[in-house]
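Have a look at the structure below, then the notes.
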Amino acid sequence: MRRLLLLPTFVALILAAPAVAQPRTLWPGVTYDTAVQFTSNGPVALNVLTGPRPGGTTTLVPALSNETLTGTETLTAMQRRFAGATATATAGVNGDYFSFETGSPSGILMRDGQIASPPSGARSSAGITTDGALDIRRISFFGTWQGAGVKHTLNTLNRPPPPNGTALYTQAWGPETPAFPGATALILFPLPAPVPNADLAAPVVEVRTGGAPVSIPLGGAVLLGIGSAAAVLATEGPVGQQVTSQLIFRPEWPAIVSAIGGGPQIVRNGAAVFRAGEAFTPFQLGTRAPRTGLGQLADGRVILVAVDGRQPGYSVGMTMFELAQTLVRLGAVTAMALDGGGSTTMAFNGTLLNRLSGTERPVSTALLFAYTGVFVDPAAAVVSPDGDGVSDRQSLRYRLVRPATTTVTLTAPGGTVAFTETKERQPGSFQIPFPPSPTVPVSTPDAQPANGRWTLAVAALDEIGQPSEMTQSFTVNTTVGFLSTVPRKLFLPPRGRDIGITWKQPRPARVVVTVETPAGEVVRTLAKRSYRAGSPAVVWNGLDRQKQAVRGGNYVVRVTARNALGTIELTHGLRVQRIVGPR
């Protein structure tokens, strides 16, 4: 975990041990890192996702809750929806500020070049260009519509129109428009993709009046007017009339593939921005709180930052300017804030990464690193297939979201290839046998998996020519197994024999045997020595480290063995019962 000196007032940086630990790799090119620092106001906990320049098998995409602008959804739920449908893996943060009443984002949402929500001219928007650059700027929306007459102002997109105004509703809004008494609605079908600065011509297939909700056709839209605009629509938009709409950005924003709202811009040309002049209150900017940020480094990599807050003793959060300085220290040359406070969330494949100040808040949008390459599911770090029922099985699996030619190679300790195959695969999830088939040579005569480090590598070339590769390593370690205690219950004061603790140990190791509470507190260390291969045994008489009888209740025997293969632990439960009076 990296050492980061973030602010002049930060007097020290305290990182979780060991200081030399590397960031956790989620998939090739994407890492997760954490750091905790002390400031004069208290500790601050940072969570950082770093990904490649968007493009290729890893892209940066906005996600929309429930695939509609109405309603909200948790970040973890959004990621679970993505899994298996459009990406093999996702990691990201919450997105734009939003309305608690409707769930609509405050600013732009643009995906695959299509506008779902217009930008807020008073706040910054972040766009991703075709070449993977992050373009942060203030963009305003201006729309027009024209039927049988002259051009008229189109006031908004997928939002309630202002008095005497018009709004265009697409499927991104939801299944139907809101109700507006006295409104006129023109149902347009088919409508071209709602891209900016283009003529979107569509015929009127139906006219509705009265103001009741109107179903939005798939591939079409509803042009709705209220007040004086309703009469204009009714006059100039009869059935069969061609209506042309324009969704205009000012200034033009060329080459933008996707975009998300938020703000303010907090880093510009590598320098922290103290006052951006955007529509935020001093309270929103100056309060120490959980914060979410987005930035791009000079080499094109993108960072997503979640700062935990509102948790005294763990993390007090940051002001907006402190977040700006943090992103500069991380190397950002441009950066923007996203929604913070109770919305600040970071997750990977539907699992939270940061520590929330409360329960996970449903949000309107999210910003995700999305991976479409081959993804190898995490394997158990240590497996001991010795038949004792503990960590005997290993699950090796990989996933695809695109048809691909895959080559799987499972390498045993010493470099022997224990399993390999090359196949044409359709999207799905695929299991790799472990232990490998006995027909495949391995490094032990009885075809059991050899002790040591194994590596699974899966390479794929998908249908559009995108290569990807991912590996997972794990250790087979059968140094200890078959831990047992006889009897399972110990009576105090002693009645009969002590607890006998035995295990099988096929190879030498340094072994520590402890008795612990269920919470992990060590009650007594029974052994701390090297054992040869064999069947060692120790006993416990129910006394703690001070040679006092322990209380009645549940306890855990833990055997920890260390050798050249690494560390392996076994645990076994037992119960102590205190006897009062004659038995």
Side-chain angles (χ1 to χ4, degrees), residues 23-34 47-52 54 56-98 103 105 109-112 116 126 128 172 258-262 290 292-294 302-308 338-340 342-378 397-402 427-429 468 470 472:
R24 173 186 169 193
T25 297
L26 304 183
W27 66 81
V30 175
T31 61
Y32 168 61
D33 200 4
T34 61
N47 303 268
V48 182
L49 285 169
T50 304
T57 55
T58 296
T59 56
L60 185 65
V61 297
L64 178 61
S65 66
N66 305 295
E67 290 305 312
T68 64
L69 294 169
T70 52
T72 55
E73 186 180 21
T74 62
L75 171 62
T76 54
M78 280 189 246
Q79 289 185 339
R80 285 191 290 269
R81 275 198 300 110
F82 265 67
T86 58
T88 53
T90 63
V93 294
N94 62 289
D96 195 2
Y97 308 88
F98 62 96
L109 182 71
M110 185 173 171
R111 300 186 296 176
D112 297 325
I128 298 99
S258 56
I260 194 168
T292 307
L294 154 72
V302 172
I303 55 173
L304 302 175
V305 176
V307 180
D308 294 335
L338 297 167
D339 190 13
S343 297
T344 290
T345 314
M346 180 178 283
F348 166 51
N349 277 355
T351 300
L352 290 172
L353 293 176
N354 71 316
R355 180 168 155 180
L356 306 181
S357 57
T359 57
E360 186 181 2
R361 173 186 288 175
V363 295
S364 172
T365 59
L367 191 59
L368 305 175
F369 290 120
Y371 180 57
T372 56
V374 62
F375 184 81
V376 181
D377 290 341
R397 187 178 297 273
Y398 67 95
R399 288 180 278 143
L400 298 169
V401 293
R402 292 173 178 167
S429 180
S468 59
M470 192 168 177
Q472 289 282 3

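Remark: side-chain polar atoms of Asn349 are paired, donor with acceptor, to backbone N or O of Thr90 under 3.5 angstrom. Within the 3.5 Å criterion, the main-chain N or O of Asp377 finds no donor-acceptor partner in the side chain of Arg397. Formation of a donor-acceptor pair under 3.5 Å by the Ser468 side chain with backbone atoms of Val374 is found in this model. Counting only distance, with no hydrogens or angles, the side chain of Asp96 and the backbone of Gly262 share a donor-acceptor pair below 3.5 Å.
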- Item | Worked verdict on Val401 versus Thr86 for side-chain contact (heavy atoms from CB on, under 4.5 Å) | CA-CA 7 Å; Val401 293; Thr86 58; over 6 Å; no
- Message: Using the rule given for side-chain contact (heavy atoms from CB on, under 4.5 Å), can you reason through Val307 versus Thr344, listing the C-alpha separation, both sets of side-chain angles and the distance that settles it, and then say yes or no?
- Response: CA-CA 8 Å; Val307 180; Thr344 290; 5.9 Å; no
- Going through the distances and angles, do Met346 and Thr34 end up as a side-chain contact (heavy atoms from CB on, under 4.5 Å)? CA-CA 12 Å; Met346 180 178 283; Thr34 61; over 6 Å; no
- Pair Val61-Arg111, side-chain contact (heavy atoms from CB on, under 4.5 Å): steps then yes or no: CA-CA 7 Å; Val61 297; Arg111 300 186 296 176; over 6 Å; no
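With sequence neighbours left out, Pro54 forms a side chain to side chain contact (heavy atoms under 4.5 Å, CB included) with Leu60, Ile128, Gln296, Val302. Residues passing the ring pair (Phe, Tyr, Trp, His ring centres under 6.0 Å) test with Tyr97, sequence neighbours excluded: Phe280. With sequence neighbours excluded, no residue forms a ring pair (Phe, Tyr, Trp, His ring centres under 6.0 Å) with Phe375. Applying the side chain to side chain contact (heavy atoms under 4.5 Å, CB included) rule to Glu73 yields the partners Ser65, Asn66, Ala77, Met78, Arg81; only residues at least two apart in sequence or on another chain are considered. With sequence neighbours excluded, the residues that form a side-chain hydrogen bond (donor to acceptor under 3.5 Å, both in side chains) with Asp308 are Asn47, Tyr314, Asn354. Every residue two or more places apart in sequence or in another chain that forms a side chain to side chain contact (heavy atoms under 4.5 Å, CB included) with Ser364 is listed here: Phe98, Pro105.
Using a 4.5 Å heavy-atom threshold, the side chains of Leu75 and Leu368 count as touching. Leu367 is not listed as a side-chain neighbour of Thr292, based on a closest heavy-atom distance of 4.5 Å or more. Contact annotation: the side chain of Arg361 never approaches that of Thr345 to less than 4.5 Å [non-hydrogen atoms, C-beta and beyond]. Counting heavy atoms from C-beta on, the side chains of Ser343 and Val363 come closer than 4.5 Å. No side-chain heavy atom of Val30 sits less than 4.5 Å from a side-chain heavy atom of Tyr371. Considering only heavy atoms from C-beta on, Pro62 comes within 4.5 Å of Leu109 through its side chain. At a threshold of 4.5 Å between non-hydrogen side-chain atoms, the residues Leu49 and Thr31 do not count as touching. In this structure the side chain of Leu64 reaches within 4.5 angstrom of the side chain of Leu69, judged on heavy atoms.
For the residue pair Thr88/Trp27, the side-chain donor-acceptor check at 3.5 Å is not satisfied.
In plain terms, the two heavy atoms of Gly29 and Pro52 that are nearest each other are O-CD, 3.3 Å. Between Pro28 and Thr58, the closest heavy-atom pair is O-OG1, 4.4 Å. Residue Leu353 comes nearest to Tyr32 through the heavy atom pair O-OH, 3.0 Å, listed as atom of the first residue, atom of the second, then distance.
Atoms CG and CG, from Leu304 and Asn94 in turn, are 10.0 Å apart once rounded to the nearest 0.5 Å.
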